[in-house]
Amino acid sequence: MNHTPNDAVFMARALRLAKRGLYTTDPNPRVGCVIVVNDEVVAEGWHQRAGGHHAEIMALEDAGDASVGATAYVSLEPCCHHGRTPPCSDALIKAGIQRVVVAATDPNPAVAGEGQRQLTAAGIEVLSGLLEAESRALNIGFFRRMQTNRPYLRTKIAVSLDGRTALANGQSKWITGKAARADVQRWRARSSAILTGVGTVLADDPSLTARAEALGAVEPPLRIVVDSQLRMPVDAKMFGSAGSVRIFCSEAPDELRSALEAAGAVVEVLVSEDGKVPLREVLRRLAELEINEVLVEAGPALNGSLLEAGLVDELLVYMAGNILGTDGRGMFAIPELTKMSERTELRLADFRRVGDDCRLTYRP
């Protein structure tokens, strides 16, 4: 059977519900569910946080007996395995749902179409792929982690009109205005982790917290520091603020490691031939920690290394209407190019004004 004219309307509503969990569901995906009878919404729900009820269960509890013979619109395929909670496919079957419309197939190998197959085997009509792109975009980190075994990497850079991130002496507060800085807090709040380099810690001593309580960001993001030789100060501001700190290094002298662990950090050694922290391995480890989205707030050295390694999935550039001059610091420290064919090509995915500044979103 084909989609009905109203299917897109109800799925869009399910996606809006799913977005309510934007800042709270980690490491789970953001999912919404709407239950409809005779083109009338009788119940709805969304996943609020890991360990809590999934969207389908919230909606079914809201619907009660009205779920018998109803259509359920779910923004991601219902799970069919026992994880933190029981399978949603079983609950939909027991509730008497007659038809299920799914936006996107779950990329989790433990599900990956099996939830839909179980529903079909129980005699339920299942339609999939409606507003799939919107569902994937809402859960871009979850899809990336499940499909490639690494999180989605989003690099944030604040720059002047002439492409400078700081003065030659390192001073960078503030290039952009209050509205842009508030916008960054929302990206921090939706991220599972914030990644920086020890150079940024030594220069700016940032806390890298998500100051966005009004958004419902229950859990503070994990702060990740790439620090090959363990130069991280034990009195860094990160240790006095909410959220865990994990340091990836290539060597860890006992005295330095003990001091940082006593300050509250988790220190992990990743050995490489060149003595640098292997960035691809860092992302693999973050995937093992169930990190979906990573926001990079670093200097040109780490930004350049990530770009060269092909690990940047998205670039958020906040451009301000000021000029810092020739000697100011750039965005990426990369080797000199001798041919235009060697340049890195990016696609402008979004452009919008934020206060007096502009936010440009680029993707490879």
Salt bridge (charged side-chain N to carboxylate O under 4.0 Å, His left out), that's the test. Do Arg352 and Asp183 meet it? Break it down for me.
CA-CA 12 Å; Arg352 64 188 63 199; Asp183 193 58; over 6 Å; no
After noting the C-alpha distance and the side-chain angles of Leu311 and Leu283, does the key distance pass the side-chain contact (heavy atoms from CB on, under 4.5 Å) rule?
CA-CA 9 Å; Leu311 298 175; Leu283 295 188; 4.0 Å; yes
How about [X] and [Y]: do any of their side-chain heavy atoms sit closer than 4.5 Å?
| X | Y | result |
| --- | --- | --- |
| Pro27 | Arg145 | yes |
| Gln98 | Glu125 | no |
| Thr25 | Phe142 | no |
| Arg223 | Thr196 | no |
| Tyr73 | Arg13 | no |
| Leu119 | Pro78 | yes |
| Gln48 | Met58 | yes |
| Ser228 | Lys276 | no |

[X] side chain to [Y] main-chain N or O, any donor-acceptor pair under 3.5 Å?
| X | Y | result |
| --- | --- | --- |
| Asn38 | Glu40 | no |
| Arg154 | Glu293 | no |
| Ser250 | Gly275 | yes |
| Arg188 | Leu295 | no |
| Asp162 | Ile323 | no |
| Thr165 | Gly330 | yes |
| Ser192 | Asn292 | yes |
| Thr176 | Ala158 | no |

Could you walk me through whether Phe332 and Val312 pass the side-chain contact (heavy atoms from CB on, under 4.5 Å) test, one step at a time?
CA-CA 12 Å; Phe332 302 98; Val312 177; 5.7 Å; no
Can you tell me how far [atom2] of [Y] sits from [atom1] of [X], rounded to the nearest 0.5 angstrom?
| X | Y | atom1 | atom2 | answer |
| --- | --- | --- | --- | --- |
| Asp357 | Leu161 | CG | CG | 11.0 Å |
| Leu22 | Leu138 | CG | CG | 6.5 Å |
| Tyr318 | Thr361 | OH | OG1 | 7.5 Å |
| Ile140 | Arg190 | CD1 | CZ | 7.5 Å |
| Ser75 | Asn139 | OG | CG | 7.0 Å |
| Leu76 | Glu56 | CG | CD | 8.5 Å |

Result for side chain to side chain donor-acceptor pair (under 3.5 Å) between Thr105 and one of Arg136, Gln116, Glu114 points to Gln116
List the residues meeting side chain to side chain contact (heavy atoms under 4.5 Å, CB included) with Ser244, not counting sequence neighbours, and say none if there are none.
Leu222
Who are the side chain to side chain contact (heavy atoms under 4.5 Å, CB included) partners of Val37, not counting sequence neighbours?
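Val37 satisfies side chain to side chain contact (heavy atoms under 4.5 Å, CB included) with Val42, Ala70 once adjacent residues are dropped.
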State, to 0.1 Å, how close [X] and [Y] come at their nearest heavy-atom pair, and which atoms those are.
| X | Y | value |
| --- | --- | --- |
| Lys237 | Ser207 | CB-OG, 3.6 Å |
| Ala43 | Ala59 | CB-O, 3.3 Å |
| Asp313 | Pro364 | O-CD, 3.2 Å |
| Gly115 | Glu77 | N-OE2, 3.0 Å |
| Glu132 | Ala104 | CG-CB, 3.8 Å |
| Arg353 | Asp356 | NH2-OD1, 3.6 Å |

Flag yes if [X] and [Y] sit in one hydrophobic cluster, no otherwise; membership is Ile, Leu, Val, Met, Phe, Trp, Tyr, and two members link when side-chain heavy atoms are under 4.5 Å apart.
| X | Y | answer |
| --- | --- | --- |
| Ile97 | Val41 | no |
| Val269 | Leu279 | no |
| Val184 | Leu316 | yes |
| Phe248 | Val266 | no |
| Met331 | Leu195 | yes |

Count the heavy atoms of every other residue, nucleotide or ligand shown that sit under 6.0 Å from CG of Asp254, and state whether that count exceeds 12.
no
With a sphere of 6.0 Å drawn around CG of Asp274, does it hold more than 12 non-hydrogen atoms of other residues, nucleotides or ligands?
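Check passes, neighbour count above 12.
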Connected-component partners of Leu202 among ILVMFWY, side-chain separation under 4.5 Å:
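Cluster partners of Leu202: Ile194, Val198, Val201, Leu208, Val225, Leu230, Met232, Val234, Met238, Phe239, Val245, Ile247, Leu256, Leu260, Val267.
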Using a side-chain heavy atom cutoff under 4.5 Å and only I, L, V, M, F, W and Y, what cluster partners does Ile175 have?
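Traced through the cluster, Ile175 reaches Leu167, Leu324.
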Kindly state each residue pair satisfying side-chain hydrogen bond (donor to acceptor under 3.5 Å, both in side chains) with at least one member in residues 321-344, sequence neighbours excluded.
Arg343-Glu345
Sorted by first residue and then second, give each ring-ring contact (aromatic ring centres under 6.0 Å, His included) pair with at least one member in residues 26-50; sequence neighbours left out.
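Checked against ring-ring contact (aromatic ring centres under 6.0 Å, His included) - neighbours excluded - the pairs reaching residues 26-50 are His47-His54.
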Assess the residue pair Leu17 and Cys33 against the criterion (side-chain contact (heavy atoms from CB on, under 4.5 Å)); give the C-alpha distance rounded to whole Å, side-chain angles, the decisive distance to 0.1 Å, and a yes or no.
CA-CA 7 Å; Leu17 289 168; Cys33 178; over 6 Å; no
Thr200 and Glu297: side chain donor to acceptor below 3.5 Å:
no
Examine the side chains of Thr4 and Asn6 and answer whether a donor and an acceptor come within less than 3.5 Å of each other.
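There is no such pair (donor and acceptor under 3.5 Å, judged by atom type) between the side chains of Thr4 and Asn6.
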Should Arg285 and Glu281 be marked as a salt bridge (charged side-chain N to carboxylate O under 4.0 Å, His left out) after you check the CA-CA gap, both sets of side-chain angles, and the distance that decides it?
CA-CA 6 Å; Arg285 282 290 298 121; Glu281 181 67 10; 5.9 Å; no
